[in-house]
Amino acid sequence: MANMDKLRNRAETQKIARLLGEDPDRLRFLQDLPADDVRTLREQTVATLFDHQPEMLDRIAKATRLVPAGVAAAISQKALGPRLAAAVAGRLEPPRAADIIEKLPVSFTAESCAHLDPRRIPGIVDRLDENLLVRISVSLAERGDHITMGRFVGHLRDHALERILPQVGDDSVLRAGFAIDRPDQLGRIIALMGPERLAAVIASATADGLWPEALAVAGMVTGEQRAAIATLAARRPQAELDALVRVVADQGLWESLLPLVALLDEEDRRAVAVLPSLREPDVLGGIVQAVVVTGLWAEFLPLAGLLPEESRKVVADAAGRLADGELDALAREVDKQDLWELVLPLVALMDDTGKQRIFELPAFQDQSG
Amino acid sequence: MSTAALPYLTTELNAPPPDSVAQLPEPQLQLLADALRAERARRAEGLGEAAEEALKLVPGIARGPVRRILFR
């Protein structure tokens with residue numbers, strides 16, 4: 001989904017950085033690439049790191065087959081350590097790996113999980129005792145290892161998730177959701193959470209500085225769940241909502257926020273429109289630029305219509321100052337989406353030069369004719 | 001446009017990177033390739049010593065066959 005690329009790339013970059021033992025900031029350049037390419041790069045990284053390993057790992061894996069699972073567990077813990085133990089587990093058949101894991105201390109297993117071949121996780125999760133899965137998940141949350149949680153969580157069964165969710169903090173839920181490797185499973189997890197917990201999780205976004213993570217989670221679910229998250233966010237106290245808008249403005253996340261605002265009913269949208277941050281020319285100018293780039297006019301114009309008049313004037317002037325090509329693109333998009341009714345009140349607020357430029361656009365001539 | 005760093009990254013990845021990655025500036029391709037190489041080295045680190053340690057934990061009866069597998 002194009003409008004989620006920025007946050008999706010941020011998560012993918014963090015995952016690649018983790019795989020490479022690198023600082024995510026050094027790999028920030030990946031965030032500007034097409035999301036599918038960054039995901040492919042991550043998959044290639046996983047494949048090359050886990051498929052091309054020293055032969056000694058295969059030998060150790062083969063040797064552990066000759067000893068009871070308890071001895072293999074002792075070898076994992078005392079001789080190999082978490083990283084090599086995970087590498088060996090990745091060379092074993094999933095049932096054998098699960099037998100050994102069940103004999104290891106949970107803290108060791110949780111640390112090892114971070115080094116497991118992500119492609120092996122579904123097979124291993126499927127065979128582990130649920131009690132153990134719950135303890136490992138809670139341990140990962142306690143360690144703050146949300147990237148590993150994100151690898152596991154989409155593979156956990158409903159009953160295990162129902163036991164894990166009450167034991168992990170709201171911030172962990174948002175962070176693991178942001179990092180989830182299987183976004184198609186997020187709807188199921190949110191449904192298991194129930195409306196009260198979802199409200200608490202969204203409420204935690206301001207306190208924990210996690211609005212980007214919350215926006216990413218909202219962007220990965222669909223339909224009623226996305227609308228529910230949008231409404232929960234819009235009904236937070238004004239100061240929190242204002243903090244959200246400022247984060248979005250600072251980080252250029254309008255393409256994630258505007259589709260959510262478009263899902264709000266008029267009353268909730270009005271709560272957004274009167275935010276102090278949406279009176280600031282820099283913020284408003286940033287929205288116009290973002291809308292030009294993303295074409296999200298249908299998402300933005302209903303909000304623009306509810307802004308205070310001075311804010312609408314700023315938006316109108318910013319639109320009136322767009323370069324010829326941008327203005328032409330705007331007009332074509334507005335025409336395509338049949339949004340002239342929402343645009344004309346803004347045109348009325350433009351200075352004469354801006355109005356003249358709009359009236360001279362072929363798209364406008366066509367529609368007025 | 002990249003020259004030496006792209007083949008280096010392709011070697012480390014064992015595959016040609018996606019187009020947009022391949023078009024990154026040379027220093028960024030170099031950084032990715034170096035990071036892959038360093039991580040691979042970290043993963044191999046201490047493997048021989050770990051195998052020696054593992055052998056000590058194997059019960060006597062299985063030690064011979066395990067040693068043959070590990071150090072043939």
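Within the 4.5 Å cutoff, the side chain of B/Leu47 has no heavy atoms near those of the A/Leu80 side chain. In this structure, B/Arg43 and A/Arg83 have side chains that are in contact, with non-hydrogen atoms separated by less than 4.5 Å. Residues B/Arg40 and A/Thr48 are in side-chain contact: their nearest non-hydrogen atoms beyond the backbone lie under 4.5 Å apart. Proximity of A/Gln44 to B/Pro18: side-chain heavy atoms (C-beta onward) are separated by under 4.5 Å at one or more points. Contact annotation: the side chain of A/Thr45 never approaches that of B/Leu32 to less than 4.5 Å [non-hydrogen atoms, C-beta and beyond].
Looking at B/Glu12, the atoms closer than 4.5 Å to chain A (heavy atoms on both sides) all sit in the backbone: N, CA, C or O. Only the backbone of B/Pro16 comes within less than 4.5 Å of a heavy atom of chain A; no side-chain atom from C-beta onward does. Contacts of A/Arg65 with chain B are absent, with no heavy-atom separation under 4.5 Å from either backbone or side chain. Contact of B/Glu45 with chain A is made through the backbone alone, with heavy-atom distances under 4.5 Å. Residue contact with chain A, scored on non-hydrogen atoms closer than 4.5 Å, involves the side chain of B/Leu31 exclusively. If you measure heavy-atom distances from A/Leu41 to chain B, the contacts under 4.5 Å come from both the backbone and the side chain.
Residue B/Ala50 comes nearest to A/Ala79 through the heavy atom pair CB-O, 3.5 Å, listed as atom of the first residue, atom of the second, then distance. The two atoms that bring B/Ser20 and A/Asp37 nearest to each other are OG-OD2, 2.5 Å, heavy atoms only.
Remark: the backbone N or O of A/Leu20 is paired with a side-chain donor or acceptor of B/Arg42 at under 3.5 angstrom.
For the options B/Leu55, B/Leu36, B/Asp19, heavy-atom pairs under 4.5 Å to chain A are most numerous at B/Leu36.
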Practice task
Start with the C-alpha gap between A/Thr40 and B/Val21, add the side-chain angles, then the distance that decides, and say whether side chain to side chain contact (heavy atoms under 4.5 Å, CB included) holds.
Solution key: CA-CA 10 Å; A/Thr40 301; B/Val21 176; over 6 Å; no

